[in-house]
Amino acid sequence: MPSRNFAATRRVLVIVLISSILVPLLCMAGYGYFDYQRRIADALNIVDRLTRVAQEHALKIADLNNEIETRTLDLLGDSDDLKIRGDEGRVYSRLNAIASDYPQLAAISVFGRNGDLLASSRFFPAPQVSVSGREDFRAARAYAPKPYFSLPLSGTVIQSDVFTMNMARVTKEGDFLGVVSIAVRRQYFSDFYRDLTADNPALLVGLYRLDGNILARLPDISASNNPAPNVPFATTLARAVRAGRLNIISTVDGVERILSFRRVGDYPLYVASGYATTAILKEWRSHFIVLASLSLVPCLGLWSLILFSLRQLRTEQAAWEHWRDEWIKRESAEASSRQLRRMGALGNLVASVAHDFNNLLMVVSANVELATRKNCTNVHREVAAVKRATVGAEGLARRLMSVARKQPLKLEFLDLPAWLPSATNIIQTALTEKIEFRLHVTPDTWRVKVDVTELESAIMNIAVNARDAMPDGGVFSVQCRNISITRAEKALPVGEYVMIALSDNGHGMSPSAKQHAFEPLFTTKAHGAGTGLGLAQVIATCEQSGGTAKLESEPGEGTTLFLYLPRYSGMEVTEEPPLPGPVPAATPASDHVLIVQDNEEVAAGLCAVLEVLGCTARHERTADEALDVLVSGAVFDFILSDVQMPGKMSGIDLAEKVKSMWPAQKFALMTGYANELERAKLGGIIILAKPFNIDELRALLSSSGK
Ligand SMILES: Nc1ncnc2c1ncn2[C@@H]1O[C@H](COP(=O)(O)OP(=O)(O)OP(=O)(O)O)[C@@H](O)[C@H]1O
Ligand SMILES: [Mg+2]
């Protein structure tokens with residue numbers, strides 16, 4: 001029955017399913033991580049670039065303001081408030097000319113020693129205002145000669161949103177003369193930063209004072225919302241680091257950003273650009289969701305396919321298990337019916353054997369009775385009848401033994417081209433007259449080594465089967481040819497064989513009969529018509545000779561039995577211990593023979609026969625007793641021992657013992673069991689196959705016995 005490993009298939013599918021979930025998940029996680037890192041790196045690059053551009057821009061403006069202030073200082077020289085007021089018209093036109101060239105400049109103002117506005121680029125005459133209280137006025141004086149940048153403020157005169165860059169006017173002697181103040185529009189920076197960031201709300205660009213206060217910024221904030229002085233940004237700037245990066249949460253708008261900052265030349269100014277981390281995360285997330293959704297589509301397809309396969313597998317397994325259960329039920333039903341048939345056949349066999357034996361016993365007892373009545377005189381007919389019965393009984397026993405493969409084979413070299421024609425008559429007796437017999441033997445057929453009697457029985461069994469398969473007549477043909485097997489087959493190793501093909505064109509076999517035909521006791525024949533031993537004997541004979549038997553059969557097409565017998569290419573000298581052939585001439589013997597046999601009757605018969613042959617015989621019941629007798633010094637010309645006997649030693653043990661202690665002692669074993677022969681053959685012990693007749697015994701005694 002074919003086997004299916006559903007558990008393994010399911011395991012593989014589950015592993016594939018888990019992998020198809022885990023692998024994309026891991027890939028997505030890995031991709032997500034690296035994509036996020038890349039986005040952070042990109043954002044850092046962007047803010048670095050923005051910062052650099054913003055720094056260049058701020059530096060340019062600061063330098064320009066510085067230049068304007070220097071020129072204004074040069075223009076004013078050491079003039080005091082009075083002098084400047086007196087020259088206000090000229091100063092106004094010069095300042096106005098400068099300021100009109102630069103849109104970022106809201107105004108250039110000159111303040112006197114007390115903070116009074118002396119001249120302005122925007123007005124002539126200058127309005128009466130004073131900045132004496134303004135922090136940038138006082139700080140400019142303190143910072144001189146360096147410029148001071150004010151916090152964002154609304155210009156006193158022009159009321160616009162600016163921050164100022166103030167520079168104090170100080171004489172060579174150190175007298176404070178006033179302040180030149182340039183008001184720079186914050187809007188100008190915001191506009192520039194807007195262009196720079198392309199209005200990306202995630203980006204921040206700002207101009208800061210050294211203390212962290214914002215001068216200009218995008219996204220814009222009201223002037224009061226300056227960073228707290230102790231936040232990391234302000235403290236980093238206060239440490240006067242020239243450039244760097246920070247990751248901070250803004251105290252101004254509460255947004256977390258990665259920030260890049262740079263100092264603007266040597267001015268107390270910084271520019272900084274930032275990228276909102278929430279924006280990076282948001283962009284990353286939306287990209288990731290799109291990608292995950294796209295990847296999910298094939299994954300969903302794959303998962304459904306695997307789940308579908310798992311369901312199919314479950315259905316298939318259920319169907320397969322159902323089929324297997326049915327198959328097992330049918331097999332066991334078939335097996336029990338076969339067993340029943342076998343038991344029936346065995347019953348038939350036992351009955352038929354018992355019947356045949358009874359007949360033979362009847363013959364024997366009737367003739368013995370007759371001989372007794374005749375006082376054993378003139379009993380030739382009775383003796384001949386008993387002899388015939390004995391031969392019949394031998395045949396019967398032989399048939400049973402050969403099927404059981406217990407029959408000791410008498411292997412002989414056989415020349416089939418010569419032997420098969422001579423067997424034609426006997427084969428034909430098995431066939432009816434309606435059946436035509438054809439024989440074709442290739443003349444150069446190799447010789448084989450086979451038990452001829454067994455081969456003859458095998459051919460007869462096949463012929464009888466052919467006859468039964470062709471009740472209305474037909475053709476039974478026997479062909480014989482050489483064949484070389486080059487690729488080892490079941491029960492047929494590579495080698496050279498003689499193949500005997502025996503064909504009929506009868507009704508053929510069903511596939512089931514073909515499958516079981518060689519099994520002992522398998523028969524399809526009617527109750528009592530067949531015992532199922534025929535083909536079992538055929539295959540046993542072939543296999544015991546080193547070959548095998550096969551069959552081909554189709555219902556309605558006939559049957560062919562192929563017997564394969566290995567080619568014998570050695571010398572005709574037998575490797576077997578020589579079996580005594582019939583020796584017609586009486587060879588009187590006067591040997592002293594030791595019979596080792598547990599069966600009293602058999603022993604008595606043997607002793608009587610030996611006496612007839614002119615020998616004296618001594619009988620021992622077991623091998624142990626026989627060995628004792630030999631050890632005690634008794635000498636025999638020949639020892640004839642059974643194999644299986646009560647006691648510690650078997651006949652084979654005794655033979656080996658005798659051989660080792662008295663190598664010259666003549667010894668032979670009597671057995672009817674083939675499987676006992678192997679050990680004996682290996683030990684080089686002579687075998688006398690049971691049942692044997694008086695001629696075989698005489699031949700053995702006259703032979704060397706070694
Ligand atoms: N030539 C044949 N044609 C058709 N069927 C055959 C042939 N030879 C054998 N068989 C089938 O094989 C079965 C076994 O054959 P086998 O010779 O072993 O036993 P048997 O003929 O039934 O009994 P037995 O030979 O012991 O009298 C037969 O019962 C028959 O079904
Ligand atoms: Mg048969």
Side-chain angles (χ1 to χ4, degrees), residues 334-335 337-357 392 395-407 426-432 434-439 453-479 491 499-544 548-563:
E334 257 179 38
S337 111
R338 218 167 31 240
Q339 185 62 16
L340 276 178
R341 280 207 308 274
R342 276 187 187 196
M343 294 308 289
L346 189 63
N348 290 346
L349 176 71
V350 171
S352 123
V353 170
H355 172 261
D356 289 356
F357 259 107
L396 202 58
R398 189 183 186 87
R399 193 161 174 231
L400 290 174
M401 294 288 268
S402 74
V403 171
R405 303 184 188 214
K406 298 276 164 51
Q407 171 75 10
I426 186 158
I427 295 171
Q428 269 170 336
T429 55
L431 305 166
T432 58
K434 284 189 268 180
I435 297 172
E436 183 191 336
F437 176 63
R438 291 181 195 161
L439 176 66
T453 321
E454 289 295 321
L455 182 63
E456 195 179 282
S457 305
I459 293 175
M460 288 299 284
N461 282 332
I462 297 168
V464 170
N465 284 348
R467 181 199 66 199
D468 294 347
M470 300 184 288
D472 303 325
V475 179
F476 179 64
S477 70
V478 177
Q479 292 186 22
M499 185 185 76
I500 309 174
L502 305 105
S503 318
D504 65 60
N505 54 358
H507 56 58
M509 296 187 201
S510 66
S512 147
K514 204 162 93 181
Q515 197 185 344
H516 302 292
F518 286 116
E519 289 176 14
L521 303 178
F522 173 81
T523 181
T524 58
K525 292 181 183 165
H527 185 74
T531 53
L533 292 180
L535 293 185
Q537 185 272 339
V538 170
I539 195 163
T541 301
C542 295
E543 287 183 353
Q544 282 184 302
T548 193
K550 294 180 181 183
L551 67 81
E552 273 176 16
S553 183
E554 289 299 327
E557 298 286 321
T559 303
T560 302
L561 264 294
F562 299 94
L563 313 187

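Order of appearance sets the numbers: ligands from 1, and atoms from 1 within every ligand. Sequential numbering from 1 along the given sequence is applied to the chain's residues.
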If you measure from each heavy atom of G532 to ligand 1, is any distance below 4.0 Å? yes
Should T523 be counted as touching ligand 1, given the test is an N or O pair under 3.5 Å? yes
Could you establish whether D504 and ligand 1 come within less than 4.0 Å of each other, counting only heavy atoms on the residue side? yes
Testing the basics here: between A430 and V464, what is the closest heavy-atom pair and its distance to 0.1 Å? CB-CG2, 4.0 Å
Looking at ligand 1, is there an atom of it that comes within less than 4.0 Å of some heavy atom belonging to A513? no
Can an N or O of A469 be found at a distance shorter than 3.5 Å from an N or O of ligand 1? no
Non-hydrogen atoms of A513 and T524 that approach each other most closely: CB-CG2, 4.3 Å
Say whether, by atom type as modelled, one donor and one acceptor occur between the side chain of D504 and the main chain of T559 under 3.5 angstrom. yes
Modelled atom types, side-chain donor and acceptor of S553 and E557, under 3.5 Å: no
What's the shortest heavy-atom distance between I426 and E456, and which atoms? CD1-OE2, 3.6 Å
Regarding atom 8 (N) of ligand 1: of the candidates I462, N465, V464, which has the closest heavy atom? N465
So which atom in L431 and which in A463 form the shortest heavy-atom distance, rounded to 0.1 Å? CD2-O, 3.5 Å
Between N465 and the Mg ion (ligand 2), is there a contact where an N/O/S atom of the residue lies under 2.8 Å from the metal? yes
Look at atom 18 (O) of ligand 1 and find which of T559, T524, L535, N505 reaches it with the closest heavy atom. L535
